Amino acid sequence: MNTVMFHDHGYEYQYLPPVAGDKRLLVLLHGTGGDENSLIELGRLMDPNAGILSPRGKSSEEGVNRFFRRHEEGVFDEEDLKEKAEDLADFIAHVTDHHYFEEVIAVGYSNGANIALAILLLHPEVLNGVLALRGMLPIHPSHLPDLSEKHVLLLSGKDDTIIPRSGVEALVELLEKGNAILHHEWLPTGHNLMRRDIEDAASWLAGRAATG
Ligand code: MLT
């Protein structure tokens with residue numbers, strides 16, 4: 001697969017156009033150690049028709065790609081996260097406008113889920129929804145936006161040793177407070193993805209395509 005450099009925003013990314021007439025964009029956001037290619041196959045399995053934008057995280061932890069810095073596992077550098085969320089939100093908005101997309105869903109795994117959720121909380125105008133695979137509350141926003149038109153599918157692993165249950169519960173509480181249209185499941189697995197993730201994501205996305 002060819003990787004192209006988007007010079008305005010400094011991202012390396014993959015872009016796959018949608019099938020004709022589909023106005024939906026999936027923004028695929030990889031986990032720690034992934035890159036712009038990691039989630040393409042998964043994204044296509046979840047939805048074969050939507051456009052795909054898959055950027056590489058700009059942060060590096062000893063050579064390992066991430067979307068933002070952390071002090072230690074599960075303890076995030078919120079200032080860095082704010083900057084990186086704004087930068088990525090700008091990039092998403094640019095691509096959305098350029099290709100006339102009408103619905104934008106961020107699909108993130110782990111570190112990618114956490115930046116997707118940060119964008120939803122800090123820059124909700126650039127996303128219609130988030131599909132968060134193993135996400136948690138990434139940031140404590142000073143102001144909670146109205147999320148009543150935002151769709152969120154949160155798939156958590158009940159034996160996840162990387163994402164603390166308290167972080168998942170804090171996220172659910174905040175999303176409910178903001179009136180997000182939330183569907184949350186605890187899957188019988190850990191941090192790794194399982195077939196159920198793909199199946200549940202695919203049916204959630206298909207429901208969005210039918211109603212959106
Ligand atoms: C994060 O750093 O965003 C989470 O702890 C998960 C991960 O290790 O990527």
Side-chain angles (χ1 to χ4, degrees), residues 11-14 26-43 46 53-89 91-92 105-124 126-127 129-141 150 152-175 180 182 184-194 196-198 200-201:
Y11 281 98
E12 298 215 34
Y13 69 96
Q14 293 286 352
L26 301 186
V27 182
L28 305 182
L29 303 168
H30 62 79
T32 300
D35 67 19
E36 65 278 17
N37 299 310
S38 305
L39 297 183
I40 302 275
E41 203 182 318
L42 195 82
M46 289 175 176
L53 172 69
S54 184
R56 182 190 301 179
K58 280 184 181 178
S59 200
S60 170
E61 188 179 270
E62 292 171 8
V64 162
N65 298 323
R66 285 177 54 83
F67 283 94
F68 57 89
R69 282 201 294 264
R70 60 181 164 183
H71 299 300
E72 58 187 77
E73 195 164 285
V75 183
F76 304 144
D77 179 338
E78 293 206 9
E79 280 316 303
D80 185 61
L81 174 51
K82 272 187 213 154
E83 272 173 38
K84 296 295 194 326
E86 184 174 357
D87 187 63
L88 188 52
F91 180 48
I92 294 170
I105 305 283
V107 180
Y109 170 58
S110 191
N111 183 242
N114 290 339
I115 195 155
L117 291 159
I119 292 174
L120 184 74
L121 294 170
L122 301 173
H123 306 282
V126 306
L127 296 177
V130 170
L131 200 167
L133 305 160
R134 314 293 181 271
M136 60 187 275
L137 183 66
I139 198 154
H140 299 85
K150 307 297 177 186
V152 180
L153 176 62
L154 174 63
L155 298 179
S156 306
K158 76 177 179 51
D159 302 315
D160 196 333
T161 51
I162 293 179
I163 301 295
R165 183 172 271 264
S166 58
V168 176
E169 286 167 354
L171 171 65
V172 168
E173 195 181 321
L174 202 72
L175 292 174
L182 171 67
H184 179 216
E185 289 173 41
W186 286 105
L187 301 184
T189 185
H191 197 61
N192 287 341
L193 299 179
M194 63 186 299
R196 263 275 297 282
D197 284 287
I198 300 173
D200 293 359

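Please read all numbers here as calculations on a predicted model, not as lab measurements. Remember, it's 1-based here, ligands and their atoms both numbered in the order they're listed.
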### Task
Could you list the residues that satisfy salt bridge (Lys or Arg N to Asp or Glu O under 4.0 Å) with K82, not counting sequence neighbours?
E79
### Task
Using side chain to side chain donor-acceptor pair (under 3.5 Å) as the criterion, list what pairs up with N192, not counting sequence neighbours.
none
## Note on the structure
Sorted by chain and residue number, the side chain to side chain donor-acceptor pair (under 3.5 Å) partners of T189 (sequence neighbours excluded) come out as none
### Query
Does a side-chain heavy-atom distance below 4.5 Å link P138 with I115?
no
## Note on the structure
In K84, R69, R70, the residue satisfying side-chain contact (heavy atoms from CB on, under 4.5 Å) with D77 is R69
### Query
Only one of H184, E185, R165, E169 clears side chain to side chain donor-acceptor pair (under 3.5 Å) with S156; which?
H184
Taking a 3.5 Å cut-off between nitrogen or oxygen atoms, can you list every pair linking ligand 1 to the protein, with distances?
from     : atom 1 : to   : atom 2 : distance (Å)
ligand 1 : 2 (O)  : R66  : NH1    : 2.8
ligand 1 : 2 (O)  : R66  : NH2    : 3.0
ligand 1 : 2 (O)  : R70  : NH1    : 3.4
ligand 1 : 3 (O)  : N111 : ND2    : 3.0
ligand 1 : 3 (O)  : N114 : ND2    : 2.9
ligand 1 : 8 (O)  : R70  : NH1    : 3.0
ligand 1 : 9 (O)  : T32  : OG1    : 2.6
ligand 1 : 9 (O)  : S110 : OG     : 3.1
ligand 1 : 9 (O)  : N111 : N      : 3.3

